Amino acid sequence: MRRLVLLAALLLAACSGEPSEGDMRKLVEAHTRRTLERQGNATFRGFDNFRKQGCVEAKPKGGPIESGQHDCYYAATFVPQPGQPPLTVNGKGRFRHTDKGITFEDLGAQPR
């Protein structure tokens, strides 16, 4: 019975369409890497810590909720430059399921 409940929970999570924490981390890291490289900082390798805080279905301005889009909140910790203290950022991003996989749009981040 316990296995059946666990299986049902996993299936419901998979049906929600929300990106997994691993998918989010991969996409946000790639975006952060590109942004820092454009600013002349090519030392970013990845986050020291990343935590998915939750997602809601995305609602475009003035329109209905669109299937396959989620606005998700996360906390990411990394060292911006060698020798500097770690920085934790609370961020929000829009994740969309497309034919080519999941895409990420940065909706803003706040240092903590």
Side-chain angles (χ1 to χ4, degrees):
M1 180 67 174
R2 189 173 173 190
R3 287 183 185 169
L4 190 58
V5 171
L6 180 59
L7 179 60
L10 289 172
L11 288 174
L12 284 174
C15 293
S16 73
E18 286 185 15
S20 69
E21 184 173 272
D23 288 337
M24 288 175 61
R25 179 179 185 141
K26 182 173 72 170
L27 291 163
V28 177
E29 277 181 339
H31 173 78
T32 302
R33 186 175 298 108
R34 286 189 303 271
T35 300
L36 291 173
E37 285 173 354
R38 282 193 300 268
Q39 296 172 358
N41 180 355
T43 61
F44 177 77
R45 296 287 177 249
F47 297 125
D48 297 315
N49 191 13
F50 186 93
R51 188 176 72 251
K52 175 180 176 179
Q53 296 177 318
C55 296
V56 295
E57 285 188 273
K59 182 178 179 187
K61 292 180 183 177
I65 292 174
E66 292 185 26
S67 178
Q69 293 189 54
H70 289 84
D71 289 347
C72 300
Y73 300 86
Y74 60 87
T77 303
F78 66 103
V79 177
Q81 299 217 0
Q84 290 186 340
L87 174 68
T88 299
V89 174
N90 290 314
K92 178 181 179 184
R94 178 158 295 161
F95 296 83
R96 289 184 183 93
H97 288 276
T98 69
D99 304 2
K100 299 176 183 174
I102 302 174
T103 63
F104 167 74
E105 175 186 354
D106 187 14
L107 298 177
Q110 296 292 321
R112 199 168 15 150

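This one's a predicted model, so the numbers in the text were calculated from it and none came from an experiment. FYI, the numbering just counts along the sequence from 1.
- Within 6.0 Å of the NZ atom in Lys26, the count of heavy atoms belonging to other residues, nucleotides or ligands does not exceed 12.
- Annotation: the span from Glu105 atom CD to Lys92 atom NZ amounts to 10.5 Å, rounded to 0.5 Å.
- Proximity of a side-chain donor or acceptor of Glu29 to a complementary backbone N or O of Gly46 within less than 3.5 Å is not detected.
- Using a 4.5 Å cut-off on side-chain heavy atoms (C-beta onward), Asp23 and Phe95 make no contact.
- In terms of heavy-atom proximity, Phe78 sits nearest to Asp48 at CA-OD2, 3.5 Å.
- Tracing side-chain contacts under 4.5 Å through hydrophobic residues (I, L, V, M, F, W, Y), one reaches Leu36 starting from Tyr74; they form part of the same cluster.
- For Glu37, there are no salt bridge (Lys or Arg N to Asp or Glu O under 4.0 Å) partners, not counting sequence neighbours.
- Around OH of Tyr73, the count of heavy atoms belonging to other residues, nucleotides or ligands within 6.0 Å does not exceed 12.
- Partner of Thr103 under the side-chain contact (heavy atoms from CB on, under 4.5 Å) criterion, out of Arg96, Arg94, Gln69: Arg96 alone.
- Note: Met24 CE to Ile102 CD1 = 10.0 Å, rounded to the nearest 0.5 Å.
- His31 and Phe104 have perpendicular rings, their planes meeting at more than 60° on a 0 to 90° scale where under 30° would count as parallel.
- Each of Val79 and Phe47 belongs to its own hydrophobic cluster when Ile, Leu, Val, Met, Phe, Trp and Tyr are linked at side-chain heavy-atom distances under 4.5 angstrom.
- By the criterion of side-chain heavy atoms lying less than 4.5 angstrom apart, applied directly or through intervening Ile, Leu, Val, Met, Phe, Trp or Tyr residues, Val56 is not grouped with Leu107; the two fall into different hydrophobic clusters.
- In this structure the side chain of His70 reaches within 4.5 angstrom of the side chain of Pro19, judged on heavy atoms.
- Taking both residues in full, the closest heavy atoms of Glu18 and Cys55 are given as CD-CB, 3.6 Å, listed atom of the first, atom of the second, then distance.
- Atom CZ of residue Arg33 and atom OG1 of residue Thr43 lie 11.0 Å apart, to the nearest 0.5 angstrom.
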